[in-house]
Amino acid sequence: MELMPKEKTAEETDFRKDIDPQGVKKEIMDKYPPKVARKRSKQFIVNKKVDEENYEEIQANVRTIPGIISQRGCCYAGCKGVVMGPTRDIINLTHGPIGCGFYSWLTRRNQTDPSTTPDHDNFMTYCFSTDMQDREIVFGGEKKLKAAIQEAYDIFKPKMISVFSTCPVGLIGDDVHAVSREMEEKLGITIFGFSCEGYKGVSQSAGHHVANNGLFMHVIGKDDTVQEGEYKVNLLGEYNIGGDGFEIDRVLNACGIKIISTFSGNSSVDHFANSHTSDLNLVMCHRSINYVADMMEQKFGIPWIKINFIGARATSDSLRKIAQYYGDQKLIDRVEEVIAKEMAPVEKAQAEIRPRLEGKVAMMFVGGSRAHHYQELFSEMGMKTLAAGYEFAHRDDYEGRHVLPRVKVDADSRNIDELEIHKDPERYHPRIDEKELEAEERHGIMLKAYEGMMADMEEGSSFSIDDISQYETEKMIELYKPDIFCAGVKEKYMVQKQGVPMKQLHSYDSGGPYAAYKGAVNFYHEIDRMINTKVWSYIRAPWEKNPELAAMYANE
Amino acid sequence: MLLRHTPKEITERKALTVNPAKTCQPIGAMYASLGIHGCLPHSHGSQGCYAYHRSALTRHYKEPVMAASSSFTEGASVFGGQANLLQAIDNIFTVYEPDIIAIHTTCLSETIGDDITQILGKARAEGRVPEGKYAFHANTPSYVGSHVTGFANMTKAMVDCFATSNGHKSKRINLIPGWVEPSDMKEIKRIAGELGVDTIVFPDTENVLNGPQTGKFSMYPKGGVTIDELKDTGNSRGTIAMGRLASGPAALALDASCKVPCQILDLPIGLQATDRFVDALRKMAGVTVPDSLNLERGKMLDIITDMQAYFYHKKVALVGDPDQLEALTEFLVAINMMPIHVLTGTKDKAFEKRIKELTADLPHKVNVKSGGDMMLFHQWVKNDPVDLLIGNTYVKYIARDEDIPFIRHGFPILDRIGHSYFPTVGYQGGIRLLEKILEALMDRQDRDSSEIEFELVM
């Protein structure tokens with residue numbers, strides 16, 4: 001009877017130490033045709049510092065090779081699904097055949113609370129599409145788009161409509177921007193379009209950028225109402241998956257920090273419009289939203305700092321960073337009080353789960369920031385991240401923003417507009433000393449700084465793998481047998497078939513929140529449950545464990 | 001209210017679809033392709049398409065869904081996708097080693113007019129398709145038809161590309177099960193087995209999308225119709241296609257190309273449709289129905305007899321795909337329920353006519369629409385409330401807002417596990433459907449009855 005999972009002995013877990021990472025890389029690359037191997041080698045890195053501040057270069061944000069199965073989605077998914085999807089009081093109208101709208105309809109677990117905006121509008125449960133047919137492909141779809149906007153207005157009376165372009169829209173030359181302008185004039189509400197055709201860029205990342213530009217041009221800065229509050233911030237790049245944003249709100253509220261707008265979890269376009277009245281932008285997911293942060297600094301004089309609310313320690317560090325940025329003793333004291341109070345149950349939970357998780361190994365391939373942020377949570381459990389990578393990030397998310405001047409801009413990135421931003425003549429006012437803005441430092445806190453994922457990974461023995469392929473995933477699991485693997489829904493079951501627990505970290509498969517303090521405790525328990533589940537011990541049936549018995553009877 | 005903006009008053013919409021009751025062709029093609037053994041589906045489009053399709057299928061079946069993509073960028077969209085597809089074929093056969101690649105197109109590659117026949121010809125001529133391996137395709141433009149059309153097109157492509165006739169008819173019978181669960185495909189095979197009929201079932205996702213946990217991952221699980229079987233469909237004695245839209249075109253193509261006569265039936269959901277399936281298969285194969293099936297049928301009928309008091313004139317609204325809805329509507333009418341709102345997102349005139357015929361004798365006005373959406377469906381329900389809703393997971397938003405019992409049926413089911421392991425076709429599947437319907441109604445009665453009326457024996 002083997003009902004409990006067998007504890008791995010020290011020798012069994014130690015086998016990973018004897019593996020040569022470069023040998024692993026070579027074994028995996030050997031399977032590929034030479035051209036593919038050359039390209040993938042540059043995206044498959046054994047982490048190593050080459051000098052004081054630089055890591056071995058990783059190629060990222062480059063095309064996926066046709067036929068090499070990737071985790072990536074498209075520009076439309078990044079624009080409509082990720083950035084604009086969690087905003088409840090705007091009609092997001094997909095201009096294209098039905099599929100794109102259908103697949104992005106409620107499939108990410110963004111929670112929203114309409115009771116917190118006066119009109120209680122919530123269109124997130126809806127899918128709006130022009131359901132383009134072959135006649136529109138032949139004769140053009142602008143007429144149908146116009147009619148669809150009119151019908152959406154007549155039935156729902158929304159305060160804002162945005163239009164998302166799918167692949168055929170760009171190919172047949174429908175001008176969604178002209179149609180939007182015309183209808184905006186006619187209906188008197190804000191209407192704007194996104195050129196987020198699926199073939200643009202190389203991944204969702206292009207769509208994030210397109211969405212950032214659209215928000216910046218059409219929504220941000222339209223409402224100058226100044227709200228009460230001593231410390232007013234925006235939270236950028238937090239999408240309220242499984243209620244993460246609510247937990248962060250709770251902690252910031254407890255510290256006396258007011259969030260004017262979150263981009264874009266539990267968000268309202270009214271909050272976006274007013275977001276330029278904040279003192280400070282807090283950037284959570286650097287990849288998806290840094291464009292808005294940069295543009296708001298240039299246009300309105302709002303500085304931004306990188307924070308991370310995934311992991312209890314990271315949350316405390318981030319709160320201290322915000323307090324130190326303001327440099328106000330009252331806030332610094334308040335933050336310390338909150339940390340002390342919040343950490344008590346966290347430490348209790350850590351003490352409970354650590355004996356069962358210490359030394360376990362994780363791999364994670366998600367997002368543009370999550371593969372970095374979640375390493376914090378795993379290290380709090382005494383676990384090590386042996387391999388990590390992003391699905392759609394850029395070099396700066398791996399190596400740190402200091403490499404930005406050296407990042408080559410290729411043709412695929414060039415087809416996404418870079419907006420030229422000037423100081424707003426009325427609304428620009430630097431929130432801090434211009435000298436501090438220029439030096440990108442205040443009270444010892446670096447502004448606009450992000451050191452990237454590699455800085456937190458073990459040199460020589462860990463991997464950074466960009467846009468990991470299905471084949472590489474399978475081999476890394478086979479060779480290293482991680483105790484847990486984190487990726488998205490497409491990877492979930494192929495990982496679990498190999499007897500390795502798999503946690504979805506884009507849109508969590510279940511559970512949450514995992515952000516801040518209560519989230520950390522939730523995550524500890526979730527990983528403890530997953531790694532120590534009995535299910536894997538049942539894979540072999542009793543008769544497979546003792547086949548000789550059958551032979552005995554047969555021989556009689 | 002989750003769908004708080006949906007007005008009760010119905011206004012005509014000509015351009016705007018709200019809450020679709022269909023999705024696009026390629027996902028149906030991908031599902032059908034997974035029903036071929038050793039096959040890697042390939043999406044000739046930008047990455048978003050296969051990412052969305054794999055995600056949706058994975059969420060429904062809770063199994064690995066493997067597929068590749070041509071990963072179009074802006075350049076490929078301008079210059080055509082030939083280079084991408086050729087490179088993909090090379091890489092797939094080298095790295096992922098399938099026996100066969102089933103390519104489907106997307107709105108992107110259809111709009112730019114990529115000629116897959118020509119590209120595949122070039123790939124073969126250049127030796128990119130290894131000896132003994134295959135690559136074939138179906139055209140599945142997303143701006144025509146729906147996911148059902150895509151499934152039908154890929155299933156027909158299997159016939160067009162592989163079925164051959166050697167002039168000698170075998171005793172075998174082809175069964176085309178349509179877009180049903182892997183468990184349904186298994187049940188259809190089991191029924192044929194009870195009759196002692198040798199069959200080829202295609203596509204067949206049993207043991208592909210309801211696989212076991214073995215501690216090992218296989219890109220190409222045990223299930224699926226083999227290429228040899230697909231070739232041999234041309235020699236079969238006959239074909240039974242289940243589902244006019246999903247399976248009809250493949251059956252007709254087989255008749256045209258290999259002179260295999262076909263019967264196009266409803267999906268065998270419910271008593272009469274299952275009866276017709278068993279009867280057709282019996283006659284086509286020249287066999288007698290065994291006692292074991294008579295026993296199953298008798299049990300289903302016994303359960304209907306026991307349950308009918310609770311079903312009588314209960315109003316039902318159902319939304320889904322035409323093949324499923326036609327069979328379900330007939331079944332609901334047979335058990336004395338009243339399907340009064342029946343809507344599909346797939347455009348199909350014959351559907352409306354058929355549902356009207358099936359419900360002609362109901363003492364209640366019936367709303368029927370093909371090419372409609374779930375907002376209209378919801379508005380119908382608001383204007384004429386029902387006792388039960390049947391549809392995919394999205395219907396749960398309507399069920400909650402309107403406080404109506406709901407059972408999940410169709411695609412996609414994103415919030416429950418088990419549908420791919422239990423059939424709803426055949427007599428056994430019918431029994432399961434009946435149990436689900438009764439349970440939903442009884443749970444509601446238990447919830448809503450006062451303490452005085454609350455009863456142990458119901």
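Values below: every heavy atom of this structure, side chains too, minus hydrogens, waters and symmetry copies. So you know, we letter chains A, B, ... as the sequences are listed, proteins then strands, and number each from 1.
Contacts of B:Met219 with chain A are made by side-chain atoms alone, with heavy-atom separations under 4.5 Å and no backbone atom involved. In this structure, the portion of B:Pro412 lying under 4.5 Å from any heavy atom of chain A is its side chain and not its backbone.
Side chains of A:Thr64 and B:Gln47: a donor-acceptor N/O pair is present below 3.5 angstrom, by distance only. With 3.5 Å as the limit, one finds a donor-acceptor pair spanning the side chains of B:Thr6 and A:Tyr126. Judged purely by distance below 3.5 Å, without hydrogens or angles, the side chains of B:Thr23 and A:Tyr103 pair a donor atom with an acceptor atom.
With respect to chain A, the highest number of heavy-atom pairs below 4.5 Å among B:Val18, B:Asp373, B:Thr73, B:Thr58 belongs to B:Thr73. When B:Gly81, B:Gly345, B:Pro212 are compared by the number of non-hydrogen pairs under 4.5 Å with chain A, B:Pro212 comes out ahead. The greatest number of non-hydrogen atom pairs below 4.5 Å with chain A, out of B:His42, B:Gln87, B:Lys22, is found for B:Lys22. The most heavy-atom pairs under 4.5 Å with chain A, out of B:Gly75, B:Ser43, B:Ser70, come from B:Ser70.
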**Prompt:** Is there a side chain to side chain contact (heavy atoms under 4.5 Å, CB included) between A:Asp131 and B:Tyr143 once you walk through the steps?
**Reply:** CA-CA 7 Å; A:Asp131 187 13; B:Tyr143 44 78; over 6 Å; no
**Item:** Steps toward side chain to side chain contact (heavy atoms under 4.5 Å, CB included) verdict (A:Trp536, B:Gln213)
**Value:** CA-CA 9 Å; A:Trp536 314 116; B:Gln213 172 62 271; 3.4 Å; yes
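B:Arg59 has its side chain within reach of A:Thr107: a pair of non-hydrogen atoms, C-beta onward, lies under 4.5 Å apart. Between A:Asp154 and B:Thr11, every side-chain heavy-atom pair lies at or beyond the 4.5 Å cut-off. Looking at A:Gln498 and B:Lys216, their side chains never come closer than 4.5 Å, going by heavy atoms from C-beta outward. Contact check for B:Tyr96 versus A:Ile68: side-chain heavy atoms found under the 4.5 Å cut-off. A:Thr130 has its side chain out of reach of B:Thr17: every pair of non-hydrogen atoms, C-beta onward, lies at least 4.5 Å apart. Using a 4.5 Å heavy-atom threshold, the side chains of B:Pro7 and A:Ile155 count as touching.
The two residues A:Gly67 and B:Ile92 have their closest heavy-atom pair at O-CG1, 3.6 Å. The two residues B:Pro64 and A:Lys497 make their nearest non-hydrogen contact at CD-CE, 3.8 Å. Pairing each heavy atom of A:Pro33 with each of B:Val95, the nearest pair is CD-CG2, 4.1 Å.
Using modelled atom types, one side-chain atom of B:Arg4 and one backbone atom of A:His120 make a donor-acceptor pair closer than 3.5 Å. Listed for the A:Thr125 side chain is a donor-acceptor partner under 3.5 Å among the backbone atoms of B:Leu2. Not one N or O on the side chain of B:Glu74 forms a donor-acceptor pair closer than 3.5 Å with the backbone of A:Asn415.
A:Trp105 and B:Tyr394 have parallel rings, their planes meeting at less than 30° on a 0 to 90° scale where 60° marks the start of perpendicular. Below 30°, between 30° and 60°, or above 60°: for A:Tyr76 and B:Tyr52 the angle between ring planes is above 60°, a perpendicular geometry.
One finds a salt bridge joining B:Glu97 and A:Lys31 here, because a Lys/Arg side-chain nitrogen approaches an Asp/Glu carboxylate oxygen to under 4.0 Å.
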